[in-house]
Protein chains: 2
Amino acid sequence: MAEELQRQIVSGELAPGSPLPSETELSQDFGISRTSVRNAIRELKERGLVRSEQGKGTFVRPQRPRVRRVNTSRYQWEKDRVKASEDERRSTGGTERDTGLEMKELRFHVDYQTVPASGELADALGIPEDTPVLQRTYQTTANSEDAALSMSRSYIPLAIIEGNPDLLDSTNEPWPGGTQHQLSTVGVEIAKIIDEVQARPPLPDEREVLKIDATGVSVLALRKTSIDTTGRVVEVADAVYAGDRTELVYEIPLKRWKRP
Amino acid sequence: MAEELQRQIVSGELAPGSPLPSETELSQDFGISRTSVRNAIRELKERGLVRSEQGKGTFVRPQRPRVRRVNTSRYQWEKDRVKASEDERRSTGGTERDTGLEMKELRFHVDYQTVPASGELADALGIPEDTPVLQRTYQTTANSEDAALSMSRSYIPLAIIEGNPDLLDSTNEPWPGGTQHQLSTVGVEIAKIIDEVQARPPLPDEREVLKIDATGVSVLALRKTSIDTTGRVVEVADAVYAGDRTELVYEIPLKRWKRP
DNA sequence: GAGTGGTCTAGACCACTGT
DNA sequence: CAGTGGTCTAGACCACTCC
């Protein structure tokens, strides 16, 4: 039954967004038990083809287009923007650049906390365990959708930024110019960023915030490590994106061969 | 029941690799039906915690360490190697570099075919639809494991490489020095590589080859587009990695600010 | 209240594994 | 052969949605 329904979905016989027949109907049509119908539907969910809502029905999942995040040029763009005027910086942020949405169409949720660095994090930041770090938690949501575009958590050793109290105040968010500008106010210039990309099943809270309703859909987990011009790690950020709505892009220029 | 077993697994009470009690035992111990036991076990599979084998039992999944693929330096390394001696090129390949395994510990499976470019592929290559392209399918497997490390398919317009008949002969694989060296024999120098990374549920054949036994585990799908010094797309390659055993890494250097 | 999907039980047979 | 997980049936009750 899963095969047959999959055929109808990919061929377009069952349009995106349209409901499947109810489970009792399907069990009669195909002459199988409801348990088997549910197993088949579960397979379709795992393949990301359908979505069920209790009390309403099961629907063909419309494929939302993937947001392309071209991180190579994005990071350089963020750096270049540090030197722009405040007006210019205030007018647009990184997410708008990726999604093509305007700033007023986006909602941000921010939370600042000072916490001691756990072992793994301390390792990544190259600092002793339990050193205080500023932990900033972000959620970005498009007003037109109820699903968050991303969840991320950034960690910066407190020692690096305590010179500027504005950086410890979450009411200054969204900060015009982003993290690279924030760090520039305490004299930090980022020289290199390392992205580590993993795919894994979502945690329960990630599933909820990113509205990942289909089992089988993973998240893209990105750890971004920012290194300044002295080789010191100044920020570690963990971001999570819905795997079915995100594409990460990296452009890698190669050194030219010497001409003969 | 899923919660209780998860607790035992993460706490280490149930050691990695050890078997769970059988489904009938569990249903008696917890006083629930076997169907419910199976539902709970399915949840654990989705979270990647256990693996079932028919006729044998259900086991706590040992977490295999992730292979780090640092693509930024990998691509440059491959390019530099083109200029190395054949002996040197013959001695080691890219996969060995990533995994730390030696060449004799790896098995390759290669298949060459000439096919007309489909619409999407023709777009990506910037050529008219149905232009003939060389399609090369690779599977790399470590001898010590039965799961393939990666599956990939590379497409090169035939017109670019037909000048060197050796490039059309799959018995020359594994080619010492890899694709960048192959292309160099027909005068092509790669100037830029674009990686596009997605996470998605595995297709049935990918699930089998990569031995992705846990539902809920996605694959990392990488499209690599190679562009030569004239701005022409010379190769498009689609690679698929097991999401739970792979980490993709990109190092992005940023341009320095001008000194005052 | 009628209809939906979510959860559950009790029991059957099959395919596969090991001894 | 006994024991395992994989598949299946038939039926029950619950939580939720919508009219």
Side-chain angles (χ1 to χ4, degrees), chain A residues 1-6 8-9 14-62 146 202 204 207-208 211-217, chain B residues 1-6 8-9 14-62 146-147 201-202 204 207-208 211-217:
Chain A
M1 189 197 114
E3 309 266 311
E4 168 60 14
L5 285 181
Q6 173 155 17
Q8 293 186 22
I9 290 170
L14 281 165
S18 65
L20 264 55
S22 77
E23 297 184 352
T24 19
E25 272 183 75
L26 285 169
S27 74
Q28 286 158 8
D29 293 357
F30 285 86
I32 57 180
S33 75
R34 190 173 154 228
T35 314
S36 304
V37 168
R38 285 185 59 76
N39 277 333
I41 288 180
R42 181 165 37 72
E43 272 188 51
L44 296 176
K45 285 186 203 163
E46 275 164 18
R47 294 177 205 163
L49 293 171
V50 302
R51 181 195 64 237
S52 296
E53 284 176 65
Q54 184 169 152
K56 296 171 95 173
T58 301
F59 303 88
V60 179
R61 240 162 76 90
D146 51 351
R207 164 164 267 129
E208 184 175 355
K211 292 279 189 308
I212 298 179
D213 36 33
T215 37
V217 171
Chain B
M1 189 194 115
E3 309 268 312
E4 167 59 15
L5 285 181
Q6 173 156 14
Q8 293 186 21
I9 291 170
L14 282 166
S18 66
L20 263 56
S22 77
E23 297 184 353
T24 21
E25 273 183 76
L26 286 170
S27 74
Q28 287 159 6
D29 293 357
F30 284 85
I32 56 180
S33 75
R34 191 173 152 226
T35 313
S36 303
V37 168
R38 285 184 59 74
N39 277 333
I41 288 180
R42 180 165 37 71
E43 272 188 52
L44 296 176
K45 285 187 203 164
E46 275 163 19
R47 296 177 204 162
L49 293 171
V50 302
R51 181 194 65 236
S52 297
E53 285 175 65
Q54 185 170 150
K56 298 170 95 172
T58 301
F59 303 87
V60 179
R61 240 161 75 92
D146 51 353
R207 165 163 265 128
E208 185 176 353
K211 293 279 188 310
I212 298 178
D213 35 36
T215 37
V217 171

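Computation of the quantities below employed the complete heavy-atom set of this structure, encompassing side-chain atoms and omitting hydrogens, waters and symmetry-equivalent molecules. Letters A, B, ... are given to chains in the order of the sequence lines, protein chains preceding strands, and every chain is numbered from 1.
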Minimum heavy-atom distance Arg61(A)-Val50(A), with the two atoms named: CD-O, 3.5 Å

Have a look at Thr35(B) and say if it touches a base, only the backbone sugar-phosphate, or nothing, with a 4.0 Å heavy-atom cut-off. base

Within the 4.0 Å heavy-atom criterion, would you say Ile41(B) contacts the bases, only the backbone, or no part of the nucleic acid? nothing

Take the protein atom CD of Gln54(B) and the nucleotide atom P of dC13(C), then report the distance between them rounded to whole Å. 18 Å

Mind checking Ser22(B) for me? I need base, sugar-phosphate or nothing, with any heavy atom below 4.0 Å counting as a touch. sugar-phosphate

Shortest non-hydrogen pair, Ser52(A) vs Ile41(A), comes out as OG-CG2, 4.3 Å

NZ of Lys56(B) versus P of dT4(D): gap in Å, rounded? 15 Å

Return the 5'-most residue of the pair Leu20(B), Val37(A) with respect to DNA chain D, ranking by each residue's nearest nucleotide. Leu20(B)

Do you know which two heavy atoms are closest between Pro16(B) and Pro62(B), and how far apart they sit? CB-CA, 4.0 Å

Closest of dT9(C), dG5(C), dT4(D) to the Arg38(A) side chain is dG5(C)

Taking all heavy atoms of Ser27(B) and all of Ser33(B), pick out the closest pair and write down the distance. CB-C, 4.0 Å

Ignoring hydrogens and angles, are the base of dG6(D) and the side chain of Arg34(B) linked by a donor-acceptor pair under 3.5 Å? yes

Would you check, one step at a time, whether the test side chain to side chain contact (heavy atoms under 4.5 Å, CB included) holds for Val60(A) with Leu20(A)? CA-CA 7 Å; Val60(A) 179; Leu20(A) 264 55; 3.8 Å; yes

For atom CD of Glu53(B) and atom C1' of dG18(C), their distance in whole Å: 13 Å

I need the CE-P distance between Met1(A) and dT9(D), as an integer number of Å. 11 Å

Taken to the nearest whole Å, CD/Gln28(A) to P/dG3(C) is 12 Å

Asn39(B) CG to dC8(C) P, straight-line distance once rounded to whole Å: 7 Å

Round to a whole Å and report the spacing from CD of Glu43(A) to P of dC8(D). 9 Å

Can you tell me how far P of dT4(D) sits from CG of Leu26(B), to the nearest Å? 10 Å

